Engineer: 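Please find one structure pasted underneath; my questions will follow.
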Amino acid sequence: DGARILIKGGTVVNAHRAEEADVYIEDGVVVAVRPNIPVGDDNVRVIDATGKYVMPGGIDPHTHLAMEFMGTVTIDDFFSGHVAALAGGTTMHIDFVIPVNGNLTAGLESYKQKAANAAMDYGFHMAITKWNDEVAREMEVMVKEHGINSFKFFMAYKGSLMVTDDLLLQGLQKCKSLGALAMVHAENGDAVAEGQQQMIDLGITGPEGHALSRPPILEGEATARAIRLAKFINTPLYVVHVMSVDAMEEIAKAKREGQRVIGEPVVSGLVLDDSWLWNPDFTIASKYVMSPPIREAGHSKALQAALSSGILQLVGTDHCTFNSTQKAFGSDDFRKIPNGVNGLEERMHIIWDSMVETGKISVTDYVRVTSTECAKIFNIYPRKGAILEGSDADIIILNPERSFVMGAHTHHSRSNTNVYEGRKGKGMVEVTISRGRMVWEDGVLNIAPGSGRYVRMPPFGYIFDGIEKSDAAYRASLRAPVQRGKAAA
Ligand code: URP
Ligand code: ZN
Ligand code: ZN
Ligand code: ZN
């Protein structure tokens, strides 16, 4: 803070435009973006960005830091996760608050504690795992007082996080009335439980059983069901971690019909295939266990195409890391392998290398899918997701000529494994600036624990006045009911 930085000579990329310009930063905020800004005095730190791209820091819409899950806790907390993120060019993320015994306020309190040593800005979504009048009241408090504008419903994880259709409907209705966005983990949890039992009965207990027990049709079914329930309630829907063609095509169809559905692919689904789950080495295979599963070869290519075309809109990671000891909880039964993979540090590099370097998206699209779209969807644009006068100075400088190699020996996550082990590519984030602080520069970190701020996300407006009051009236307005038994005047 207080630092003054001038980034000179680079190509400044926003989602709407790429231009040759300098960027001047003061007190954590972008003050000017235009060509040939004079250096001024000696107290300004000048950074030469010639030949490089100056872009908004990444915003990851989907992470799980310090989450208690499947009998353990994710190994990256808000500090190590933030170190990894900043080293990889991500300057903000939105994590999922898990309620404590269904209690939202207690869940938020516990996540505020977890985030006490945050080193970059963060926001919260909140999971809804139970339903009663108290939960409905707390949702309103979360939106109106605590800056949470999105709620996630898990249609899988039977016996723990899973919601019934009844709860999902109540939740969609409540989200709509609050101007909040409903998010779904779309897999049919009852069918997954059945599929898992079938694999165990066949004697298939290894990580490949994870993929075999919950095939793409179960993701497609739940995605279609959630989309239709959201249509019935007439409220927007955000589908997290779209992993299969089956789910993606349901989103494409709904969009074609005019429905407001947002699809989020994650890095693992965009670039990996499930052959890893068949690796005879349990330690390697178990790394790749996440839900919905990483799919057979072919799905990732289709998901990339959907990201190019706009059917899918923004890229998350679902960063949810466990080390090999934790993954080994399921060495005799794949159902006990903690679900989740890394990606928070790798996302910006992998998307650049696999989408921009290959010509599948432009540099402006890159900024859109890694940053701007997330800021817009969660209502914090243009403070976040842009390099404009008045925006927070969350900025990266990427050198397109330098290459990277990924792996557990060099990453900053606390996990001893990495699903992108040995992955090589082009494009290197050389500088990360977090609200005006130089936190990553040529391989050197300068992290300030506790400097990360909670970003409040305001609710959205209604479609038009009154629509939230009565869905029955809305439906009747589309097709008028008959007035029977009334005498003509
Ligand atoms: O395997 C996963 N995705 N773990 C994190 C929890 C979730 O479903 O997002
Ligand atoms: Zn999920
Ligand atoms: Zn997740
Ligand atoms: Zn690194």
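These figures come from a predicted structure and were not determined experimentally. Residues take their numbers from the sequence shown, with the count starting at 1. Just so you know, ligand 1 is whichever comes first in the structure, and atom 1 is the first atom listed for that ligand.
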Engineer: Output the list of atoms in ligand 1 that are nearer than 4.0 Å to some heavy atom of Gly340, sorted by atom number.
Structural biologist: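 Checking each atom against Gly340, I get 1 (O).
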Engineer: If you measure only the distance, is there a donor-acceptor pair under 3.5 Å linking the side chains of Thr164 and Asp166?
Structural biologist: no
Engineer: Taking the minimum heavy-atom distance to atom 7 (C) of ligand 1, which of Phe322, Tyr157, Phe96 ranks first?
Structural biologist: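 Going through Phe322, Tyr157, Phe96 one by one, Tyr157 has the nearest heavy atom to atom 7 (C) of ligand 1.
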Engineer: For a side-chain hydrogen bond (donor to acceptor under 3.5 Å, both in side chains) check, start with the C-alpha distance between Gln313 and Lys255, then their side-chain angles and the critical distance, and finish with the verdict.
Structural biologist: CA-CA 12 Å; Gln313 283 158 260; Lys255 282 192 161 169; 2.7 Å; yes
Engineer: Do His64 and His62 pair up side chain to side chain, a donor and an acceptor below 3.5 Å, judged on atom types alone?
Structural biologist: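 His64 vs His62: donor-acceptor pair found between side chains.
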Engineer: How wide is the angle at the Zn ion (ligand 2) between NZ of Lys152 and NE2 of His241, to the nearest 10°?
Structural biologist: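 Centred on the Zn ion (ligand 2), the NZ/NE2 angle is 110° (to 10°).
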Engineer: Do the charged groups of Glu140 and Arg137 touch, with an N to O distance under 4.0 Å?
Structural biologist: no
Engineer: Between His64 and the Zn ion (ligand 3), is there a contact where an N/O/S atom of the residue lies under 2.8 Å from the metal?
Structural biologist: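 Of the N, O and S atoms in His64, at least one lies under 2.8 Å from the Zn ion (ligand 3), which means yes.
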Engineer: Could you tell me which N, O or S atom of Asp318 is nearest to the Zn ion (ligand 3)?
Structural biologist: OD1
Engineer: What atom name does the N, O or S atom of His62 nearest to the Zn ion (ligand 3) carry?
Structural biologist: NE2
Engineer: Quick check, are the ring centers of His185 and Tyr157 under 6.0 angstrom apart?
Structural biologist: yes
Engineer: Which atoms of ligand 1 have any heavy atom of Met290 under 4.0 Å away?
Structural biologist: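 Near Met290, meaning under 4.0 Å from one of its heavy atoms, ligand 1 has 1 (O).
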Engineer: Quick check on contacts: which atoms of ligand 1 are under 4.0 angstrom from a heavy atom of His62?
Structural biologist: 9 (O)
Engineer: Check whether Tyr381 forms a cation-pi arrangement with Lys376 (NZ or CZ under 6.0 Å from the six-membered ring centre, at most 45° off the ring normal).
Structural biologist: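 Lys376 over Tyr381 ring: yes.
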Engineer: Can the ring centroids of Phe96 and Phe124 be said to lie less than 6.0 angstrom from one another?
Structural biologist: no
Engineer: Identify, by name, the N, O or S atom of His185 lying closest to the Zn ion (ligand 2).
Structural biologist: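 Within His185, restricted to N, O or S, the Zn ion (ligand 2) is closest to atom ND1.
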Engineer: Examine the side chains of Asp76 and His319 and answer whether a donor and an acceptor come within less than 3.5 Å of each other.
Structural biologist: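 Distance-only check passes for Asp76 and His319.
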Engineer: Show me which atoms of ligand 1 lie under 4.0 Å from any heavy atom of Phe154.
Structural biologist: 7 (C), 8 (O)
Engineer: Are His125 and Phe378 near enough that their ring centres are under 6.0 Å apart?
Structural biologist: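 Yes: the rings meet the under 6.0 Å criterion.
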Engineer: Quick one: look up the protein heavy atom nearest atom 4 (N) of ligand 1 and list residue, atom name and how far away it is.
Structural biologist: Asn339 O, 3.2 Å
Engineer: Among Ser291, Ala156, Cys320, Pro338, which residue places a heavy atom closest to atom 5 (C) of ligand 1?
Structural biologist: Cys320
Engineer: Does at least one non-hydrogen atom of Lys152 fall below 4.0 angstrom from an atom of ligand 1?
Structural biologist: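 It does; at least one heavy atom falls under 4.0 Å.
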Engineer: Could you tell me, atom by atom, which parts of ligand 1 come under 4.0 Å of a heavy atom of Asp318?
Structural biologist: 2 (C), 3 (N), 5 (C), 9 (O)
